[in-house]
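Nothing here was measured: the structure is a model prediction, and the numbers come from that model.
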Amino acid sequence: MTLLLDDETVCRVFDWKPAVDALRAAYGVEPADERFPGRQIARGDHGWLRAMAGAPAGDAPMGLKIIAASPRNGRVSYLIPLFDQRSAELVALLDGHSITGFRTAATSALAADLMAPPGPLALAVIGSGFEARNHVRALAAVRSISRVRVYSPRAESRARFVESLDDLSLTVEPASSAEEAVDAATLVACAARSRDESPTLRGAWLRPGMTVLSIGSTVPEQREVDESTIARADLLVADMVTEVCGETGDLLAAHRAGIETRTKTVGLADLVSGRHPGRTGTDQILLYKSVGSATQDLAVAQMCVGAAERSGLGTRLPLEIKAVEK
């Protein structure tokens, strides 16, 4: 019978370190386009539907994440079905809301662990919402954090951010500007966009040796980092190379400005597998760009299913959705 995990159960069983480990294993497999095709989107008169599908190597479940959005009502929902690859039976159905945020931050933490220099990290966070908080928690699960400095436009949002991370026993401080937050940082996490889609991070603020994580520009009309940031990066690491380079506002703006990125862009899987060395100099500036992928969704969803089964959590649906013979 199919196991159903609602968002509350997902949050109960989720753990950052196992999630990062699951992603490390998923990205360590030789990539194949036929296993994880690009995102597809259907646009209707009142909403849109996006699907990201994947069939991992081996016996891991295949599945997809479906995102349904009603822009006029400001509503969005996420659903992740997982299927047994051998029997084609539906083995699990998950609310994908929190998984989406968890997998984004956990993948950023994996990237930062591979890209940032050894030793404790001074972290700057631009943004104070759900994604920003998740990034601090994910990074703290894999690396030592010497301090965190956060900036978002409203002082009350910065204060709530600091208070929300009390349990981590980290030094978390508000900054009065994005530039002040970035000053003296070794790792910068961009987890917010401005209302007018102007970049929130400027390349002029970066110093040699920094690592930047950018997750907020996933479609052509979105911006998060400026062209100078792209130009100054010695290496650009992308979770999905084709989509990052061809569909994100930051990279499209860089290309219009004549900035060459093709020769300095590699996939995250190349770093995880060791096919690319990543950072080769202490003064290099490295940039990680993410649009999200089914690789991430399925790895974290399967981790949650396993944890729920071990804990006896979740609900077995009172019906069986069988695969029929063809």
Side-chain angles (χ1 to χ4, degrees), residues 16 19-20 23-24 26-28 31 101-118 121-127 131-132 134-136 138-143 145 182 185-193 199-201 203 205-218 222-251 254 259 261-281 284-293 295-296 299:
W16 289 110
V20 175
L23 288 161
R24 195 184 303 271
Y27 275 103
F102 289 152
R103 58 83 151 150
T104 300
T107 310
S108 290
L110 171 62
D113 192 33
L114 295 167
M115 296 166 64
L121 300 172
L123 174 62
V125 182
I126 300 177
E131 291 282 14
N134 275 348
H135 271 70
V136 176
L139 290 162
V142 298
R143 293 291 293 268
I145 308 293
V182 171
T186 53
L187 177 64
V188 181
C190 301
R193 301 194 316 274
T200 58
L201 180 69
W205 303 340
L206 302 180
R207 293 179 296 101
M210 281 185 170
T211 302
V212 177
L213 309 173
S214 172
I215 64 164
S217 172
T218 61
Q222 295 174 340
R223 296 297 309 277
E224 189 169 57
V225 306
D226 69 353
E227 294 89 336
S228 175
T229 300
I230 307 294
R232 293 196 62 192
D234 295 286
L235 181 68
L236 196 162
V237 179
D239 60 350
M240 297 283 285
V241 172
T242 300
E243 294 180 12
V244 165
C245 291
E247 299 180 20
T248 64
D250 290 341
L251 269 294
I259 299 168
T261 61
R262 181 179 54 84
T263 57
K264 64 177 183 180
T265 301
V266 300
L268 177 59
D270 294 319
L271 266 65
V272 174
S273 66
R275 291 186 294 271
H276 191 282
R279 180 179 293 276
T280 57
Q284 288 182 323
I285 295 173
L286 270 61
L287 172 63
Y288 168 69
K289 292 287 292 179
S290 172
V291 295
S293 73
T295 301
Q296 300 161 21

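Residues satisfying the side chain to side chain contact (heavy atoms under 4.5 Å, CB included) criterion with Val241, sequence neighbours excluded, are Ala238, Cys245, Thr265. Under the side chain to side chain contact (heavy atoms under 4.5 Å, CB included) criterion, Leu235 pairs with Val237, Val266, His276, Leu286, not counting sequence neighbours. Shown here are the ring-ring contact (aromatic ring centres under 6.0 Å, His included) partners of Trp16, two or more places apart in sequence or in another chain: Phe14, Phe102.
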Test side-chain contact (heavy atoms from CB on, under 4.5 Å) applied to Val142 and Leu110, step by step
CA-CA 8 Å; Val142 298; Leu110 171 62; over 6 Å; no
Between Asp113 and Arg24, is the side-chain contact (heavy atoms from CB on, under 4.5 Å) condition met? List the steps.
CA-CA 11 Å; Asp113 192 33; Arg24 195 184 303 271; 3.3 Å; yes
Just do the side-chain contact (heavy atoms from CB on, under 4.5 Å) check on Ser214 and Asp250 with the steps written out, would you?
CA-CA 10 Å; Ser214 172; Asp250 290 341; 4.0 Å; yes
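In this structure, Val125 and Gly127 approach most closely via the heavy-atom pair CG1-O, 3.4 Å.
The backbone N or O of Thr200 lies less than 3.5 Å from no partner atom in the side chain of Arg223, so there is not a single donor-acceptor pair. Formation of a donor-acceptor pair under 3.5 Å by the Asp239 side chain with backbone atoms of Leu268 is not found in this model. Side chain of Arg193 to main chain of Gly216: a donor-acceptor pair is present (N/O by atom type, distance under 3.5 Å, no hydrogens or angles). A donor-acceptor distance shorter than 3.5 angstrom exists from the side chain of Glu224 to the backbone of Ile215, with no hydrogens or angles considered. A side-chain donor-acceptor contact under 3.5 Å links Ser217 to the backbone of Gly249. When atom types are taken as modelled, the side chain of Lys264 and the backbone of Ala233 share a donor-acceptor pair closer than 3.5 angstrom.
You'll find the side chain of Val291 stays beyond 4.5 Å of the side chain of Glu247, heavy atoms only.
The side chain to side chain contact (heavy atoms under 4.5 Å, CB included) test with Leu206 is passed by exactly one of Val225, Thr229, Leu287: Thr229.
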